[in-house]
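Worksheet: the structure to be examined is printed underneath.
Within every chain, numbering begins at 1; the chains are lettered A, B, ... in the order of the sequence lines, protein sequences first and strands thereafter.
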Amino acid sequence: MMADKIAFGKRLVTKEEYFSSGHRACVGCAEALAVRLACKALGPNVIIVNATGCMEVVSSQFPYTAWSVPWIHTLFENTAAVASGVEAGLKTMKRKGRWPGQEPQVVAMAGDGGTSDIGLQALSGALERGHDFLYICFDNEAYMNTGVQRSSATPFGAATTTSPAGKESIGQVTWKKNMPAIAAAHDIPYVATACPSYPFDLMDKVAKGVATPGPAYVHILSVCPTGWRCAPELAVEIGRLAVQTGIFPLYEIEGGQYKLNVKLSKLKPVTEYLKLQGRFGHLSEATIKEIQDRVDREYAKLMEKATAVAGSS
Amino acid sequence: MAKAESELGWKDLEIGSIVAEPGSAAQYKTGDWKTQRPVLDESKCNKCGLCYIFCPEGCIKQKADGYYEIDLSYCKGCGICAMECPKDAITMVAEEE
Amino acid sequence: MAKRVGIEVSLAIAEAAKLANVDVVSAYPITPQTHIVEHLAGLVADGELDAAFIPVESEHSAMSACLGASAVGARTFTASAGQGLELMHEVLYVASAMRLPMVMAVANRALSAPINIWGDHSDAMAVRDTGWIQIFAENGQQVVDNVLCSFRIAEDHRVLLPVMIHLDGFHLTHVIEPIYMPEQDEVDKFLPPPQYPLPLHPDKPLTMGAFGPPYIYTEMKKAQEANLTAAKEVILQCWQEFGSIFGRDYSPVEGYHSEQTKVLLLTMGSFSETAMEAIDKMRDDGKDVGLIRLRLWRPFPFAEIRQAVKNAEVLIVLDRAISFGGPGGPVCSEIRSALYNEDTRPKVIGFVGGLGGRDISVSGFEEIITRGIEIARTGSEQEFEMYGVRE
Ligand SMILES: Cc1ncc(C[n+]2csc(CCOP(=O)(O)OP(=O)(O)O)c2C)c(N)n1
Ligand code: SF4
Ligand SMILES: [Mg+2]
């Protein structure tokens with residue numbers, strides 16, 4: 001066994017931490033966990049471009065930094081564009097003989113707000129232009145950094161500070177925007193979903209995404225105990241339930257073909273997932289049923305896409 | 001940086017206020033945030049390393065003997081390790097004042 | 001020897017960026033900037049310029065991509081105008097605060113509403129406080145020369161700041177002028193490849209753009225202010241060196257019959273050339289009038305301005321932008337405040353004109369000067385007057 005790696009079965013995971021202890025994420029933050037694992041998969045030869053949001057704030061309070069890799073934060077909505085410039089800049093300098101050493105991989109990181117709302121245009125532009133980079137969306141299903149406001153990635157029925165539950169409202173009244181499908185619609189070579197509750201799957205996908213020439217997109221569901229109003233120790237378990245209920249299936253899209261990574265013979269009922277989170281605490285039986293029906297339908301659609309591939313191969 | 005953060009003057013700043021020391025957040029100890037602390041019983045541990053993998057702080061380290069130890073100076077006491085340990089080798093105990 | 005060629009100013013800017021051997025151009029089209037970036041795209045497509053041309057989906061992304069390119073040490077150029085510059089607004093502050101050198105040509109354009117594609121300085125004034133070095137050009141030669149100087153200044157390790165070159169939309173961008181294009185070998189000597197001291201690179205992992213709480217934000221801003229102010233010295237040195245090599249001299253404030261003259265007009269940008277004609281005409285008629293052209297807008301040349309107007313009794317300032325509900329033109333208010341504490345100083349009279357592409361003719365400038373003298377003598381009900389506005 002190599003001294004700088006830990007073996008998990010046949011897998012080796014580096015002991016190196018590129019996202020160091022001393023970061024200021026909330027207790028039990030699975031978004032921080034997801035970043036930590038992603039960084040392990042990325043290794044040292046990267047340049048990370050980070051959007052404004054929880055992970056930027058908790059990791060870079062001057063004069064400290066949790067990052068041991070080159071890292072730049074500028075604004076909230078421009079991450080994919082900054083990454084485009086980094087990529088174009090270093091490729092050109094390499095070509096002109098002015099980039100010393102190995103060419104690093106370019107990785108953009110943003111929250112669900114920075115990705116599916118305010119940063120969507122910049123992301124779409126960068127994906128369409130075909131820059132060679134990996135974009136990772138850390139989806140905690142709301143604008144957490146500013147105090148749990150709804151985003152287009154907030155799920156139906158979730159209460160946030162701008163989609164509060166009340167006498168006249170069930171909370172968020174729209175269904176979660178399908179960001180991986182939007183990324184995939186750009187015909188990019190690699191799209192995947194992941195969750196730190198499945199850490200090896202997550203690390204595999206990040207490694208694969210970053211190694212893919214051209215744009216790659218990995219969408220990581222990241223449990224936020226603060227915003228989801230759940231017990232911190234349940235952060236990993238809740239992520240697992242999101243997958244096992246079919247609410248957040250783990251899959252890859254390569255060359256337009258879907259592949260399910262965690263196949264489930266039977267989905268757990270969504271209540272098992274919902275009941276552990278305060279943001280869904282107000283939901284009626286009827287609304288839960290509506291969610292269950294929608295999840296069943298969406299999961300069946302996904303299975304169809306995935307099996308169509310399996311059938312044709 | 002030698003000076004405390006609130007004593008830094010403008011002439012102490014790097015170009016563009018860059019932070020030049022990688023991983024310097026390690027100087028910021030988050031361990032005093034916790035209200036409960038994990039206690040690991042090695043006699044129950046099977047060295048699976050899941051506590052290590054799932055720690056959001058990255059403050060669980062593998063020792064030379066293959067067992068794991070928790071750096072309490074960063075541990076925020078989330079309890080994920082105790083929850084995820086398949087052998088119930090970790091228990092959370094309340095921090096005393 | 002440099003050749004003098006007749007060329008559209010926009011194309012000359014692109015050719016200057018090519019002479020500077022830029023690495024990355026990231027831009028989004030907007031009239032009257034389009035010819036600049038179209039020509040650059042063409043130069044890259046033809047293999048005449050070895051650069052990445054990033055055809056981004058907005059100006060916000062154009063400037064953002066410039067940040068990224070500059071942060072890895074690439075020589076970076078862009079151009080914009082009007083609404084495009086406004087869409088970049090928040091990104092501009094980041095470029096200067098993070099000390100990322102780059103050069104941007106701004107084809108000055110009026111701001112909506114109503115939509116208007118023609119020139120004035122509303123866009124420039126809206127980005128006044130973004131922390132960029134800002135130079136106003138009066139003709140195509142000045143733009144070309146200042147593209148080269150701006151890279152030198154921006155990349156100087158004592159500076160490391162982005163530079164904006166303002167040129168009037170259409171009035172300058174779309175005219176064909178005779179311009180000396182420097183030879184490549186001369187430019188290469190004057191402008192060696194950039195060496196950004198702290199680029200993003202895995203060999204030395206840096207954190208750029210850290211979160212700055214109240215205990216440090218003020219210090220960060222003081223550092224930025226001190227840096228921009230100190231850049232003036234480097235700008236002067238650069239212009240001096242440029243003059244000695246290429247034979248064309250530049251200074252922050254340029255006078256025209258301004259020494260010992262009692263009445264001075266102050267302008268910025270391409271209108272200066274028409275204003276000079278008006279000055280000639282009035283002087284022929286025996287009037288004691290002169291012109292001050294302000295070229296360096298940021299860092300503001302306090303000493304040079306004070307020196308240039310110290311013997312005048314009346315200083316008439318023409319702004320091509322308006323600060324609504326305020327003192328009128330931003331340039332006029334800055335000049336006023338720069339002179340306020342001087343023991344002897346001229347009366348400062350403000351005019352706003354030339355908005356949204358409306359021309360001011362030679363006789364128009366004569367009117368402005370004549371009216372300015374009158375206001376200085378009799379006073380005015382208003383803080384400023386709008387020239388040429390119909391009731
Ligand atoms: C242009 C702009 N608008 C709004 C904000 C305020 N803001 C900062 S972070 C943030 C929310 C971030 O949400 P998300 O991207 O989901 O990341 P999270 O904090 O949840 O990880 C908002 C609204 C900003 N910084 N810039
Ligand atoms: S608010 Fe949520 S995502 Fe942000 S640091 Fe806290 S737990 Fe993590
Ligand atoms: Mg979020």
Any residue meeting salt bridge (charged side-chain N to carboxylate O under 4.0 Å, His left out) with Asp23(C), in chain and number order, not counting sequence neighbours:
Lys96(A), Arg98(A)
Max heavy-atom pair count under 4.5 Å with chain A, selected residue of Asp203(C), Val56(C), Val91(C), Val24(C)
Val56(C)
Throw together a table of side-chain donor-acceptor distances under 3.5 angstrom for residues 69-79 of chain C, partners on residues two or more places apart or in other chains.
unit_1: Ser70(C); atom_1: OG; unit_2: Pro101(C); atom_2: O; d: 2.8
unit_1: Arg75(C); atom_1: NE; unit_2: Glu155(C); atom_2: OE1; d: 3.4
unit_1: Arg75(C); atom_1: NE; unit_2: Glu155(C); atom_2: OE2; d: 2.7
unit_1: Arg75(C); atom_1: NH1; unit_2: Ala20(C); atom_2: O; d: 2.6
unit_1: Arg75(C); atom_1: NH2; unit_2: Glu155(C); atom_2: OE1; d: 2.8
unit_1: Arg75(C); atom_1: NH2; unit_2: Pro192(C); atom_2: O; d: 2.7
unit_1: Thr76(C); atom_1: OG1; unit_2: Ala74(C); atom_2: O; d: 3.0
unit_1: Thr78(C); atom_1: OG1; unit_2: Ser26(C); atom_2: O; d: 2.6

Please state whether the side chain, the backbone, both or neither of Val22(C) comes within less than 4.5 Å of a heavy atom of chain A.
backbone
Mutual orientation of the aromatic rings belonging to Phe76(A) and Tyr143(A) [parallel < 30°, tilted 30-60°, perpendicular > 60°]:
perpendicular
Under a 4.5 Å cutoff for heavy-atom pairs, which residue among His131(A), His73(A), Glu128(A) has the most contacts with chain C?
His73(A)
Heavy-atom distance under 4.5 Å to chain C: side chain of Ser68(A), backbone, both or neither?
backbone
So, does Ser116(A) use its side chain to make a donor-acceptor pair with the main chain of Gly113(A) at under 3.5 Å?
no
Angle class for the His219(A)/Tyr217(A) ring planes (parallel below 30°, perpendicular above 60°, tilted otherwise)?
tilted
Side chain, backbone, both or neither: which part of Thr92(A) has an atom under 4.5 Å from a heavy atom of chain C?
side chain
Count the heavy-atom pairs under 4.5 Å between each of Gln102(A), Glu56(A), Glu87(A), Met93(A) and chain C, then report the option with the highest count.
Met93(A)
If the threshold is 4.0 Å, N to carboxylate O, is there a salt bridge linking Asp204(A) and Arg11(A)?
yes
Contact part of Leu200(C) toward chain A, heavy-atom cut-off under 4.5 Å: side chain, backbone, both or neither?
both
Relative to chain A, which segment of Pro199(C) carries a heavy atom at a distance below 4.5 Å: side chain, backbone, both, or neither?
neither
By a 4.5 Å heavy-atom criterion (distance strictly below it), what part of Glu90(C) contacts chain A: side chain, backbone, both, or neither?
both
Bottom line for Val46(A): the part with an atom under 4.5 Å from chain C's heavy atoms is backbone
Relative to chain C, which segment of Val69(A) carries a heavy atom at a distance below 4.5 Å: side chain, backbone, both, or neither?
backbone
We want to know whether Ser152(A) and Asp117(A) form a side-chain donor-acceptor pair, criterion being a heavy-atom distance below 3.5 angstrom.
yes
Pick from Val106(A), Val57(A), Asn78(A): which one has the most heavy-atom pairs with chain C under 4.5 Å?
Asn78(A)
Could you tell me which portion of Ile47(A) (side chain, backbone, both or neither) has an atom closer than 4.5 angstrom to a non-hydrogen atom of chain C?
side chain
How long is the gap from OG on Ser84(A) to CG on Leu127(A), to the nearest 0.5 Å?
9.0 Å
By a 4.5 Å heavy-atom criterion (distance strictly below it), what part of Tyr215(C) contacts chain A: side chain, backbone, both, or neither?
side chain
Against chain A, label Met220(C) side chain, backbone, both or neither, depending on which of its atoms sit under 4.5 Å from a heavy atom there.
side chain
Check this for me: does any side-chain nitrogen of one of Lys40(A) and Glu17(A) sit under 4.0 Å from a carboxylate oxygen of the other?
yes
